[in-house]
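One structure below.
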Amino acid sequence: KSTLIQHLKIRKYYHNQTIYNQNDPCTDINILLEGALKLGWSTSQGKYHTDIFVPSGTLINIVPIVTGQPLLHDHIAQGRTVIANLPGQLFMDVIRNNADALFMVLKLICVRTQLNREQNFIYSTETLQTRLAKKLVFLVDYHSYQDKDKILLNLKLSQENLAELLQTSRQSINKELAVLSNQNIIEVKYNQIFILDFEKLSDIA
């Protein structure tokens, strides 16, 4: 632990600042301390595809460090973002020489793999309304704060962003958001989503 702490470097980023580009070489393990990261890439049609928003508290870049492969995504700061960097080689030395650390990293990778499989299952079996509700509940858990009698998502998400995250069209997202709004479950203003009834949203999810 002492060795790891000695080599940590804290870096701060402003909103929408690009930290890494897709296909950059990966040399550091990152620990997201504050804010969030948007992971995505530009398509051949010139549009931007958002894959996931990574919440604070997450350890990332394990796979590219272990495999020696470049990054698959752009990493873009969402809000004021603070990241602790750890040299990838030091991380590799630790897991080579510490069985407990290696086990915990393996466990973490297995948990994430299982979550990805569950996500794929949900995409292929659940309705869009259920998938949207699940995504909003996830965002409440990791990217929200209480605003009087409402819960406000602290990520500004366009309908296009949500469509990318749920692998559907913007028009379909617009329709489902309207349904939730009409039921007084959410309120949407200028790409900001307020959760008015979290219990009903959870029931749908």
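What you see below is based on every heavy atom in this structure, not just the backbone, and it leaves out hydrogens, waters and symmetry mates.
A heavy-atom distance below 4.5 Å is found between the side chains of Q78 and N16. When side chains are defined from C-beta on, I109 counts as touching I62, because their heavy atoms get closer than 4.5 Å. Taking 4.5 Å as the limit, every side-chain heavy atom of Q119 sits out of range of all side-chain heavy atoms of R117. Contact check for I186 versus V188: side-chain heavy atoms found under the 4.5 Å cut-off. Side-chain contact between I19 and L37 is present, with at least one heavy-atom pair separated by less than 4.5 Å. Side chains of K12 and T81 form no contact here, defined as non-hydrogen atoms less than 4.5 Å apart. You'll find the side chain of L177 reaches within 4.5 Å of the side chain of L162, heavy atoms only. Taking the side chain as every heavy atom from C-beta outward, F198 and V140 approach each other to under 4.5 Å.
Not one N or O on the side chain of T130 forms a donor-acceptor pair closer than 3.5 Å with the backbone of E126. Put simply, the side chain of K134 gets close to the backbone of A205: a donor and an acceptor are under 3.5 Å apart. Distance alone, capped at 3.5 Å, is enough to place a donor-acceptor pair between the S124 side chain and the N120 backbone. Judged by distance alone, the side chain of N97 and the main-chain N or O of D93 form a donor-acceptor pair under 3.5 Å. At distances below 3.5 Å, not a single donor-acceptor pair connects side-chain atoms of N98 with backbone N or O atoms of I95. In this structure, the side chain of S42 does not engage the main chain of G46 through any donor-acceptor pair within 3.5 Å.
Side-chain polar atoms of S56 and E34 form no donor-acceptor pair below 3.5 angstrom. In this model, a donor atom of one side chain and an acceptor atom of the other lie less than 3.5 Å apart for N30 and Y20. Using modelled atom types, one finds no donor on one side chain facing an acceptor on the other under 3.5 Å when comparing N116 with T113. Remark: the Q22 side chain and the D74 side chain contain no N/O donor-acceptor pair separated by less than 3.5 Å.
With values rounded to the nearest 0.5 angstrom, L180 atom CG is found 12.5 Å from K175 atom NZ. To the nearest 0.5 Å, atom CD1 of residue I204 and atom CD of residue Q183 are 5.5 Å apart. With values rounded to the nearest 0.5 angstrom, I193 atom CD1 is found 9.5 Å from L152 atom CG. Atom OG1 in T127 sits 7.0 Å away from atom CD in E176 (nearest 0.5 Å). Interatomic distance, N161 CG to H49 NE2, rounded to the nearest 0.5 Å: 10.5 Å. Atoms NE2 and CG, on H75 and L39 in that order, are 5.0 Å from each other to the nearest 0.5 Å.
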I29 and N85: CA distance, side-chain angles, deciding distance, side-chain contact (heavy atoms from CB on, under 4.5 Å) verdict: CA-CA 6 Å; I29 290 289; N85 294 99; over 6 Å; no
Please test Y48 against I76 for side-chain contact (heavy atoms from CB on, under 4.5 Å), starting from the C-alpha separation and ending with a verdict. CA-CA 12 Å; Y48 198 83; I76 300 173; 3.5 Å; yes
Applying side-chain contact (heavy atoms from CB on, under 4.5 Å) to L136 and L153, what does each step give before you reach the verdict? CA-CA 9 Å; L136 291 175; L153 298 185; 4.1 Å; yes
Please test D28 against Q89 for side-chain contact (heavy atoms from CB on, under 4.5 Å), starting from the C-alpha separation and ending with a verdict. CA-CA 8 Å; D28 294 324; Q89 187 56 55; over 6 Å; no
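Hydrophobic clustering keeps Y142 apart from V82 (ILVMFWY residues linked when any side-chain heavy atoms are closer than 4.5 Å, directly or through intermediates). Grouping the Ile, Leu, Val, Met, Phe, Trp and Tyr side chains by contacts below 4.5 angstrom, directly or via other members, places V105 with V66. Two different hydrophobic clusters hold I122 and L128 under the rule that ILVMFWY side chains link at heavy-atom gaps under 4.5 Å. When the side chains of ILVMFWY residues are joined at heavy-atom separations under 4.5 Å, either directly or via intervening members, L102 and I31 end up in a single hydrophobic cluster. Following chains of ILVMFWY side-chain contacts shorter than 4.5 Å, one cannot reach I83 starting from L4, and the two form parts of different hydrophobic clusters.
Judged by a 6.0 Å distance limit and a 45° cone about the ring axis, K38 is not positioned over the six-membered ring of F53.
Around CZ of F138, the count of heavy atoms belonging to other residues, nucleotides or ligands within 6.0 Å exceeds 12. Annotation: K200, atom NZ; neighbour count of heavy atoms from other residues, nucleotides and ligands within 6.0 Å does not exceed 12. Counting non-hydrogen atoms of other residues, nucleotides and ligands closer than 6.0 Å to CD of Q6 gives a total above 12.
Here the shortest heavy-atom pairing between P70 and P64 reads O-CB, 4.3 Å. Counting all heavy atoms, side chain and backbone alike, L33 lies closest to A84 at CD1-CB, 3.9 Å. Taking every heavy atom of both residues into account, P87 and H7 meet most closely at CD-O, 3.7 Å. In this structure, Q146 and I151 approach most closely via the heavy-atom pair OE1-CG1, 3.6 Å. Between C26 and I65, the closest heavy-atom pair is O-CD1, 3.5 Å. Residues H15 and G79 come closest through the heavy atom pair ND1-N, 2.8 Å.
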